[in-house]
Amino acid sequence: MSTKDPQIQTEHESSSRLREQRLQKLEKIKSLGIDPYPYKFSRTHKAIELQNKYKDLQNSQETNDKVIVSGRIHNERNDWIFIDLYDDSGKIQLYCDKEKLDKKLTEFLPLLDKGDFIGATGTVRRTPRGELSIKVSEVTLLCKSLLPLPEIIEGKKRHLGIHDIETRYRQRYLDLIVTSTTKETFKKRAQIISGLRNYLNAKDYIEIDTPVLQVEAGGAEARPFVTHHNALGMDLYLRIATELHLKRLVVGGFEKVYELGRIFRNEGISTKHNPEFTSIELYEAYADYNDMMNLTEDLIKTICLQIHGKLQIEYQGKIIDFEKPWARISMLDLIKEHAKVDLSDAPCEKIIEVFEKTVESKLIQPTFVKDFPLEVSPLAKKHRSINGLVERFELYMNGWELANSFSELTDPLDQRKRLEEQAKKKVSGDHEAHPLDIDFITALEYGLPPTGGLGIGIDRLIMILTNSASIRDVIAFPTMKPV
RNA sequence: GCGCCAGUAGCUCAGGGGUAGAGCACUCGGCUUUUAACCGAUUGGUCGCGCGUUCAAUUCGCGCCUGGCGCACCA
């Protein structure tokens, strides 16, 4: 529980007048013996089903087909003659022919408001203007809404909408109601995530959940969130990666494992960073980082095709082409190409610095940047033929790091040495150094087969595939300071 | 963390040292079997918060809060 006094808001100061009007309508509705918050409603069709079924119905043509729909009222015209009703599939117009309506119903209609949920029964017709409609005979209130929905005008068109970006993030439910592209983005997000699972499951990868609460947060360089377990009387960390536990599972005999889930990093917030974000990590026994490149490329191409039906997509005005074979270039070669210097013998920090300054932002098209300095990769196997480097790649596109992968370090003695180095750094004040996870090293001593590992930042992938400018646009409830 | 910009009615915005403005929404009335309908009237605000300057601050100054963008850090 928060130590702050809970502030129970009984007044919606700013909209109290509009809310008051709706409360009065609510009272009238109750006095008519109508339950404004009923338990259940059965419909026969969703909006899109009707739109499809009757797409050949001519203007002014009427049917005797009786249908029942339900949804939220977004708009009303001409004194409740026309109602735009939305369900999660789309819009269907209700037509209330007042001369033929039951008198009780005509009196009931003005008690409705935009935002209310209703169910409606009637026959299908297309109006002379060509709008598929339901000629209503019965209306059931399904939920009385007390607060007005935001509405804006663009050009000459009035419609529900919000421009204020802060409201859209803080009150995502409003954004979802009034911004159609928001709903589309989150539908696509769901498709991408299930597409990932389907792809891996079909290749016999098994998904296993590993702990979020950890005694030491290892597997990456990042500052963790700290929390406290009361019964154990100890602090725990939220995971910053799933790496070390997934590799334990490979030690245990699972040859293809993955975990798709939330990880937490106690770092800055930006259009590309949210403190909690979704990653997928996968590990495959007997594979190396070259296999991981093949897998990454095929996986992302497959998902892109599923979502877009093509491999060239537009991201914020740039065309990203997934079709051509993705470039696979060593970090040092990229530095030679862009900075015109050979840093083969330079210290690790220099290489990383020059790469980040001169190369990173230019990698718009999908590019595997491979062969990293050893010092920044304590979990990766030494390069099989180049001294001082490791077998590691990062996938870049649009100038962003999207994935990270190694031929996993399997030598327990080497791993112990490298994590001890990290532990020293940590002691001397580097908050982001890897902790020494003794049990992980013990697991390696029992034996980890040659293993390829891969991690992908799912939110960034979704940003690219949904043409979203900010990570907040692909996370339903992004981290925000309370007002 | 630093810099720039923003916060005024339910929504979108204008304004600017002297009682706070518009469009739409809302409410009421009229007209209409009609498709942002239309016409008319009435509502509606602690101008993000605090302190200062001033006879007077929503406006000017300083501080703070929240957000956006850029940079830094990171994925």
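We name chains A, B, ... by the order of the sequence lines, and we start the count at 1 in each one.
- The nearest whole Å value for the distance from the NZ atom in A:Lys91 to the P atom in B:U35 is 14 Å.
- Protein atom CD of A:Glu281 is 12 Å distant from nucleotide atom P of B:A75, rounded to whole Å.
- Toward the 5′ end of RNA chain B lies the nearest nucleotide of A:Val483, the other residue of the pair A:Val483 and A:Arg460 mapping further downstream.
- Side-chain atoms of A:Tyr315 and A:Leu465, non-hydrogen and from C-beta on, never get closer than 4.5 Å to each other.
- In this structure, A:Asp84 reaches neither bases nor backbone, as no heavy-atom distance under 4.0 Å exists between it and the strands shown.
- Look at the P atom in both B:U58 and B:U8: the space between them is 15 Å, to the nearest Å.
- Rounded to whole angstrom, the span from the CZ atom of A:Arg472 across to the P atom of B:U66 amounts to 13 Å.
- For A:Arg170 and A:Glu166, the salt-bridge test passes: some basic side-chain N is under 4.0 Å from an acidic carboxylate O.
- Here A:Glu394 lies out of heavy-atom contact (under 4.0 Å) with every strand.
- B:U59 and B:U54: their C1' atoms are spaced 13 Å apart (whole Å).
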Given the rule that a pair is Watson-Crick or G-U wobble with both distances under 3.5 Å, how would you write RNA chain B in dot-bracket, using | for pairs to a different strand?
(((((((..((((....[..))))..((((.......))))......(((((..]....))))))))))))....
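- Counting any heavy atom pair closer than 4.0 Å across all strands shown, A:Tyr396 reaches no nucleic acid atom.
- Judged as a side-chain hydrogen bond (donor to acceptor under 3.5 Å, both in side chains), and not counting sequence neighbours, the contacts of A:Tyr173 are A:Gln171.
- Taking the P atom of each, B:G15 and B:C73 are spaced 39 Å apart, rounded to whole Å.
- Scanning all heavy atoms of the two residues, the minimum distance from A:Glu267 to A:Arg223 falls at OE2-N, 3.6 Å.
- The environment of A:Lys350 atom NZ is sparse: at most 12 non-hydrogen atoms of other residues, nucleotides or ligands sit within 6.0 angstrom.
- Distance A:Leu174 CG to B:U12 P: 11 Å, rounded to the nearest Å.
- Defined by atom type and a distance below 3.5 Å, a donor-acceptor pair is present between the side-chain atoms of A:Glu360 and A:Tyr396.
- Comment: A:Lys183 does not engage A:Asp175 in a salt bridge, judged by the lack of any side-chain N to carboxylate O separation of less than 4.0 angstrom.
- Checked by distance alone, A:Arg17 brings no side-chain donor or acceptor within 3.5 Å of a matching partner on the base of B:U27.
- The CD1 atom of A:Ile177 sits 18 Å away from the P atom of B:G10 (whole-angstrom rounding).
- In this structure, A:Arg125 satisfies the cation-pi test against A:Tyr95, with its NZ or CZ atom closer than 6.0 Å to the six-membered ring centre and inside 45 degrees of the ring normal.
- OP1 and OP2 of B:G10 both lie 4.0 Å or more from every side-chain N or O belonging to A:Lys114.
- In this structure, A:Leu389 and A:Leu332 have side chains that are in contact, with non-hydrogen atoms separated by less than 4.5 Å.
- Evaluation of the ring pair (Phe, Tyr, Trp, His ring centres under 6.0 Å) rule for A:Phe108 yields no partner, not counting sequence neighbours.
- Rounded to whole Å, atom C1' of B:G67 lies 8 Å from atom CG of A:Asp164.
- Residue-to-nucleotide proximity on RNA chain B shows that, of A:Leu402 and A:Glu131, the 5′-proximal contact is made by A:Glu131.
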Check the interface with nucleotides 5-8 of chain B: list each N/O to N/O pair with the protein under 3.5 Å, or write none.
none

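- Heavy atoms of A:Arg265 sit under 4.0 angstrom from at least one base atom.
- Note: CG (A:Asp113) to P (B:C11) measures 16 Å, nearest angstrom.
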Just the atom pairs and distances: protein N or O near nucleotides 70-72 of chain B's N or O, under 3.5 Å.
none

Contacts under 3.5 angstrom, residues 366-379 of chain A side chains, donor-acceptor by atom type, not counting sequence neighbours:
from     : atom 1 : to       : atom 2 : distance (Å)
A:Thr367 : OG1    : A:Gln365 : O      : 2.8
A:Asp371 : OD1    : A:Tyr289 : OH     : 2.6
A:Asp371 : OD1    : A:His383 : NE2    : 3.4
A:Asp371 : OD2    : A:His383 : NE2    : 3.4
A:Ser377 : OG     : A:Pro373 : O      : 3.2
A:Ser377 : OG     : A:Arg392 : NH1    : 2.9

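- Using atom P as the reference point in both B:G16 and B:G61, the two lie 15 Å apart (nearest Å).
- Contact annotation for A:Ile162: backbone-only contact, meaning every heavy-atom pair under 4.0 Å involves sugar-phosphate atoms and none involves a base.
- In this structure, CG of A:Asp175 is placed 14 Å from C1' of B:C11, rounded to the nearest angstrom.
- Contact annotation: A:His163 side-chain N/O to B:C13 OP1/OP2 distance is under 4.0 Å.
- For B:A75, the base is stacked against the aromatic ring of A:Phe277, per a cut-off of 5.5 Å between centres and 30° between planes.
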